[in-house]
Chemist: 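The structure is given below, and queries will be raised subsequently.
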Amino acid sequence: MPEITLSQAVNQAIAEEMRRDETVFLIGEDVAEAGTPFKVTSGLVEEFSTDRIIDTPISEPGFMGLAVGAAMTGSRPIVDLMFGDFLFLVMDQLCNQAAKIHYMSGGKLNVPLVLRTNLGATRRSAAQHSQSLHALVAHIPGLKVAMPSSAYEAKGLLKTAIRDDNPVVIFEDKLMYQDKAFVPEEEYRLPFGKAAILREGTDVTLIGTSSMRQVCEKAALLLEQDGINAEVIDPRTLVPLDESTILDSVKRTSRAIVVDEGHQNFGTTAEIASRISEKAFYFLDAPVVRMGAMDVPIPFSPVLEDITVPTAEGVADKARKLVAGELIHAL
Amino acid sequence: MPEITLSQAVNQAIAEEMRRDETVFLIGEDVAEAGTPFKVTSGLVEEFSTDRIIDTPISEPGFMGLAVGAAMTGSRPIVDLMFGDFLFLVMDQLCNQAAKIHYMSGGKLNVPLVLRTNLGATRRSAAQHSQSLHALVAHIPGLKVAMPSSAYEAKGLLKTAIRDDNPVVIFEDKLMYQDKAFVPEEEYRLPFGKAAILREGTDVTLIGTSSMRQVCEKAALLLEQDGINAEVIDPRTLVPLDESTILDSVKRTSRAIVVDEGHQNFGTTAEIASRISEKAFYFLDAPVVRMGAMDVPIPFSPVLEDITVPTAEGVADKARKLVAGELIHAL
Amino acid sequence: MYTQMAKIRVFEDNANQLYLDAKMPGLTHMYSGEEAVAVGICEALKVTDKITSTHRGHGHCMAKGADFRQMFCELLGKVNGYCRGKGGSMHIADQTNGNLGANAIVGGSMGIATGSALRAKLQKSDDVTVCFFGDGATAQGLMYEVMNMAALWKLPVIYACENNGYSEYTSTDEIAAGEILERARAFGIEAFSVDGQDVIAVNRLASELVEKARKGKGPFFIELMTYRYHGHHVGDINRTYYRSKEEETEWKKNRDPIEILGTFLKTEGIANDDELRELYLKVRSEASEAVDYAINADYPDISEVDMHVFQEG
Amino acid sequence: MYTQMAKIRVFEDNANQLYLDAKMPGLTHMYSGEEAVAVGICEALKVTDKITSTHRGHGHCMAKGADFRQMFCELLGKVNGYCRGKGGSMHIADQTNGNLGANAIVGGSMGIATGSALRAKLQKSDDVTVCFFGDGATAQGLMYEVMNMAALWKLPVIYACENNGYSEYTSTDEIAAGEILERARAFGIEAFSVDGQDVIAVNRLASELVEKARKGKGPFFIELMTYRYHGHHVGDINRTYYRSKEEETEWKKNRDPIEILGTFLKTEGIANDDELRELYLKVRSEASEAVDYAINADYPDISEVDMHVFQEG
Ligand SMILES: Cc1ncc(C[n+]2csc(CCOP(=O)(O)OP(=O)(O)O)c2C)c(N)n1
Ligand SMILES: Cc1ncc(C[n+]2csc(CCOP(=O)(O)OP(=O)(O)O)c2C)c(N)n1
Ligand SMILES: [Mg+2]
Ligand SMILES: [Mg+2]
């Protein structure tokens with residue numbers, strides 16, 4: 001199996017699906033010759049020409065709307081939204097239109113499109129280029145939400161997304177584009193709604209998507225040194241969410257920490273933690289711990305930015321306390 | 001104390017604050033002569049003229065942006081967003097700009113504006129005019145979120161919002177505009193972050209904002225007939241959230257149901273339920289129950305629409321099972 | 001075209017009555033008075049051509065070929081409606097005839113229409129998409145974003161601005177600075193104005209532009225001057241604070257699109273009074289039959305509530 | 001104006017060097033080459049007038065009166081920066097001089113600028129707001145929404161479009177259909193084009209329009225033809241796939257705004273070579289001093305991380 005970067009994995013997924021299906025096209029800002037600022041789509045325009053790799057003006061609501069209309073009438077657009085923070089600009093087209101059209105038409109119309117965007121702080125890009133906004137789209141019925149955590153997931157989930165008949169939002173981690181992983185040479189797709197158990201353990205379940213999967217894995221290594229055996233789960237998609245894999249794990253370990261790079265308040269850790277607390281209630285030895293990003297706009301200054309996001313050390317620390325029974329809130 | 005409608009309460013709050021403070025103005029679609037489709041602002045233009053009660057073109061992102069700029073430079077705008085569903089159109093100006101400017105400027109600029117909008121289904125208005133989207137804004141640091149549940153709250157919270165130096169989003173329930181409540185004649189304001197205990201009880205805590213407060217109160221009456229004593233809490237503001245009143249109550253009752261008209265998945269019930277589960281862990285006799293709206297776009301057909309939203313009967317039913325110990329998920 | 005216009009008028013009369021009789025859930029926006037716009041344009045289209053519609057969408061739907069029964073069923077939230085009762089008046093869509101749907105977000109369909117045209121171009125299909133919207137919708141920034149792309153990429157889309165003088169309770173000159181046609185022209189889009197009460201004029205212009213667009217000469221922009229007879233929606237009864245009774249009477253009496261066409265047909269000797277009356281009566285009885293059908297039709301089973309959130313497969 | 005332009009150029013040279021030396025966190029967008037735009041306009045403004053700025057905002061900030069130290073500190077994320085290090089290059093704001101802030105959302109400040117002008121009108125204050133933005137930002141629908149309201153309500157705002165020929169890696173003609181000036185005119189806004197390398201021409205036009213706007217004759221629109229010397233951001237080094245070396249050389253050699261003004265000053269006998277050189281050197285040493293200051297300045301205490309989310313009180 002060759003080792004490739006997440007960026008290459010995304011590029012391959014797009015190229016393979018575009019070769020297979022003529023109705024797939026890519027649309028966004030500077031996706032053609034420039035290959036996006038992250039160089040993720042470099043080279044595609046040479047193979048598929050500007051007919052199918054379409055550079056747009058800086059009109060996010062506009063090209064998102066175009067993608068919805070194209071998808072409703074027989075195309076399968078992949079929209080490239082340069083920064084996840086620009087989601088706020090396309091929310092109407094995404095949430096009022098794309099997400100609802102299948103339902104509002106009683107199942108007669110559908111909107112097979114993929115919105116590729118990204119998340120993640122600590123690139124010193126400040127408050128408007130660093131947000132992790134997956135919780136917002138996960139709240140809207142009619143949207144699927146995929147969160148790849150490595151090149152392997154990125155390719156497999158994106159291919160599934162492109163073939164899905166519904167709008168799918170896929171968040172790549174900006175800091176991970178150059179990270180390598182082994183990716184099969186033969187064709188593969190990863191199913192939505194199927195979590196991966198990346199490491200088995202008995203003492204505590206660590207749950208994290210995207211960037212936070214690595215944080216959980218590193219925390220598990222740190223915990224190993226203390227003789228604590230952590231299980232690490234990556235749900236891979238938030239919608240649909242693989243509740244049963246998570247619950248099965250927590251029923252075995254009796255403890256869980258849910259880690260996320262989105263803001264903690266009203267974010268995804270709340271959903272996952274509350275499902276565990278409800279549905280594995282009698283199995284829990286301690287409260288489920290939530291670790292989201294701080295509830296502050298992302299600051300520019302590195303000394304501040306770095307403390308807003310959960311770290312492996314932070315997770316390990318909480319896990320130790322959890323296992324030691326020290327995380328009980330005052331009576 | 002006179003009894004007035006929620007609509008009158010909002011009208012009074014705006015008028016009183018505009019009389020007190022010259023920098024306050026109201027801006028939105030058809031707010032002047034027409035007084036909004038809900039007739040909430042009727043009569044204001046006669047007193048304050050079109051200089052301060054400003055009709056706009058149908059440009060939600062645009063007038064939201066204008067309000068941000070006016071607020072940054074010395075005005076205190078109240079933005080009237082005709083339907084909560086149009087939040088998707090103003091998200092960039094609200095979440096990328098208004099919410100972050102105070103922080104990004106290191107505290108030097110600030111954005112004292114109020115975004116008044118609404119929520120609520122069962123008006124047969126279908127998927128794009130029926131959403132309850134408060135969870136989305138509650139997730140964004142820098143925004144306060146108020147959820148009045150009666151005329152009394154509507155007036156008191158709106159007056160507080162107008163005097164707040166930060167952007168505040170306030171959701172009124174469309175179905176409640178004609179509901180009456182006793183409202184003091186003398187000036188009063190309701191503090192943010194202070195929940196109301198509307199009914200004391202010992203067996204179960206029912207928590208609901210806005211439209212769901214009434215649902216909880218009605219459920220409590222139903223439960224009374226079965227000898228179940230429910231406590232009803234209305235948090236009034238989601239950001240800031242009065243965690244301690246909620247926790248204190250649940251510690252006494254040992255059981256909680258969190259009810260909300262927003263979609264359940266990744267919604268506000270998750271945040272409140274997971275905080276209870278975490279911070280009152282050892283006091284819980286049963287899992288915290290979440291009852292949000294169904295995770296479907298709001299259907300038009302009345303027979304379908306009515307079952308998407310939690311009802312008093314539904315809440316009472318769950319509460320009975322909870323108290324009877326029947327809500328334990330399969331082992 | 002006469003029959004089509006009559007069908008719309010009659011549909012709206014019935015819808016209004018259903019509302020007054022409290023038989024229709026929610027409220028709705030009447031197209032009466034604007035029939036020549038939808039009919040003049042849609043008669044220039046093939047069944048494979050697409051349209052996007054608005055909150056005031058019954059006329060577009062009907063003109064593009066929909067039938068009474070499924071439309072009334074949709075308005076009443078019945079399972080036999082175009083959208084199985086899930087969309088209602090503001091989301092009525094009829095994909096078999098290329099109606100991509102009404103839209104309750106003002107301006108919300110402008111991206112959809114332009115995207116449909118992009119798809120046509122990419123797939124080398126020769127269909128044209130018409131985007132209907134009101135004068136009020138010209139205040140939505142989305143319009144300028146998509147017109148820019150349509151112009152850059154020469155997309156087969158026609159923007160049809162139904163200028164009925166008002167958006168809700170506000171007259172157009174209070175909310176639109178400058179010139180609407182100039183706004184399209186500034187993006188290099190050819191733009192035309194036409195009397196929206198004259199179905200023949202509308203159809204002539206539309207036919208010409210549709211064929212040009214089909215050959216890759218698009219996009220185009222048309223402003224159609226028209227008038228809505230009813231209030232903004234069925235509940236908007238007291239309108240004098242924003243428009244005068246005289247104005248309403250003037251349009252209804254002297255600029256009614258159905259009468260204008262009727263007079264033309266009679267003058268040209270194509271039809272006489274009796275024929276037109278009969279035609280109208282036929283449409284009426286079809287409509288009443290459909291109303292009865294819809295009233296007696298079933299609501300969707302409640303198990304449908306969580307169907308169609310996602311397309312399976 | 002010469003000094004102001006020199007200060008911007010020197011600021012950017014230092015910022016670029018800080019980036020190359022890996023002393024600056026993140027990346028930044030250089031204003032070099034466009035100095036005459038910011039300076040020509042801001043010299044026409046009072047300290048009470050407001051501006052909104054862009055991702056390429058150092059020039060606007062400096063021209064509106066900011067000082068080197070606080071600017072460098074902000075770029076390095078230090079607590080003595082204009083925003084206590086919380087904003088950085090893309091959010092630098094200086095409310096004491098009326099700079100409402102750079103913005104990392106292209107077009108994101110158009111509403112803010114127009115809202116500031118609305119406030120001025122409502123409060124009968126005579127200040128004017130200038131909204132700076134790039135040619136690429138004309139693709140954002142927000143611009144048309146706010147221009148419409150500015151025109152309807154005659155707001156004291158000036159839209160200053162810095163047309164540097166590119167948005168990121170794409171040339172303007174690939175992303176802008178029709179004519180940019182016509183777009184403003186279609187909303188009834190008087191619009192002008194000016195050579196953005198000629199600070200005197202810019203200043204003359206700006207002064208005239210600012211005074212008109214102050215008297216309630218606004219809004220106005222100016223397109224300023226200019227060029228950025230560096231890449232889109234500091235990391236954009238290989239640019240030949242989107243613009244030629246010859247083009248870059250032509251602008252730098254023959255259309256440099258600082259040299260154009262220098263030549264003018266010399267021809268008019270207002271200053272000689274030595275004076276200009278000395279002035280430039282003085283600016284340089286001020287800048288180096290400020291860079292040293294900033295490098296040695298403190299980062300914010302980590303307790304600041306959750307301060308300023310909300311304003312207390
Ligand atoms: C984005 C948005 N803003 C506001 C509304 C409320 N609204 C519904 S129709 C309407 C007026 C539309 O006017 P116009 O486009 O001229 O269409 P007309 O009703 O005249 O046919 C308004 C403001 C809406 N549905 N969507
Ligand atoms: C809404 C939004 N879309 C895209 C971007 C990414 N981006 C940053 S600068 C830029 C180009 C802007 O071009 P222009 O407005 O001409 O300004 P210039 O960089 O030429 O000064 C783009 C696309 C952004 N920051 N915000
Ligand atoms: Mg209209
Ligand atoms: Mg540019």
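In what follows, chains are A, B, ... by sequence order, proteins preceding strands, each numbered from 1. These numbers come from the heavy atoms of this one structure, side chains and all, not from hydrogens, waters or symmetry mates.
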Chemist: Should the heavy atoms of other residues, nucleotides or ligands under 6.0 Å from NZ of A:K108 be counted, would the total exceed 12?
Modeler: yes

Chemist: If you compare all heavy atoms of B:A286 against all heavy atoms of A:F281, which two are closest, and at what distance to 0.1 Å?
Modeler: C-CZ, 3.4 Å

Chemist: Tell me, out of B:D92, B:D295, B:L87, B:V296, who's got the most heavy-atom pairs with chain A below 4.5 Å.
Modeler: B:D92

Chemist: Looking only at non-hydrogen atoms, find the nearest pair between A:Q131 and B:N96 and report the distance.
Modeler: NE2-OD1, 2.9 Å

Chemist: Set out, in order, the CA-CA distance, both residues' side-chain angles and the distance that settles side-chain contact (heavy atoms from CB on, under 4.5 Å) for A:L136 and B:F88, then state yes or no.
Modeler: CA-CA 11 Å; A:L136 299 187; B:F88 289 128; over 6 Å; no

Chemist: Could you check which of A:S277, A:A273, A:A138 has the highest count of heavy-atom pairs closer than 4.5 Å to chain B?
Modeler: A:A138

Chemist: Which bit of A:P299 comes within less than 4.5 Å of chain B, counting heavy atoms only: side chain, backbone, both or neither?
Modeler: both

Chemist: Report, as yes or no, whether the 6.0 Å neighbourhood of atom NZ on B:K318 holds more than 12 heavy atoms from other residues, nucleotides or ligands.
Modeler: no

Chemist: Taking all non-hydrogen atoms of both residues into account, name the closest pair between B:Y103 and A:P297 and its distance.
Modeler: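 In this case the closest contact between B:Y103 and A:P297 is CE2-O, 3.1 Å.
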
Chemist: Could you look at A:V90 and say if it's the side chain, the backbone, both or neither that has a heavy atom under 4.5 Å from chain B?
Modeler: neither

Chemist: Heavy-atom pairs under 4.5 Å with chain B are the metric here; pick the option from A:V289, A:L238, A:I276 that has the most.
Modeler: A:L238

Chemist: Between B:V288 and chain A, which part of the residue has a heavy atom less than 4.5 Å away: side chain, backbone, both or neither?
Modeler: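 Only the backbone of B:V288 comes within 4.5 Å of chain A.
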
Chemist: Before giving the answer on side-chain contact (heavy atoms from CB on, under 4.5 Å), spell out for B:L133 and A:M91 the whole-Å C-alpha distance, their side-chain angles and the decisive distance to 0.1 Å.
Modeler: CA-CA 12 Å; B:L133 297 174; A:M91 287 299 264; over 6 Å; no

Chemist: Please give me the minimum heavy-atom distance between B:E271 and A:G267, naming the atom from each residue.
Modeler: OE1-N, 4.1 Å

Chemist: Side chains of B:S274 and A:R290, heavy atoms from C-beta outward: is any pair under 4.5 Å?
Modeler: yes

Chemist: Donor-acceptor pair, distance only, cut-off 3.5 Å: does the side chain of A:H139 make one with the backbone of B:F266?
Modeler: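 Indeed, once roles are kept as given, a pair shorter than 3.5 Å links the two residues.
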
Chemist: Against chain A, label B:L284 side chain, backbone, both or neither, depending on which of its atoms sit under 4.5 Å from a heavy atom there.
Modeler: both

Chemist: Name the member of B:Q97, B:H263, B:Q93 that forms the most heavy-atom pairs with chain A at distances under 4.5 Å.
Modeler: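 Heavy-atom pair counts peak at B:H263.
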
Chemist: Shorter than 4.5 Å, heavy atoms on both sides: which option in B:R275, B:M294, B:Q264 has the most such pairs with chain A?
Modeler: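 Result: the option with the highest number of such pairs is B:R275.
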
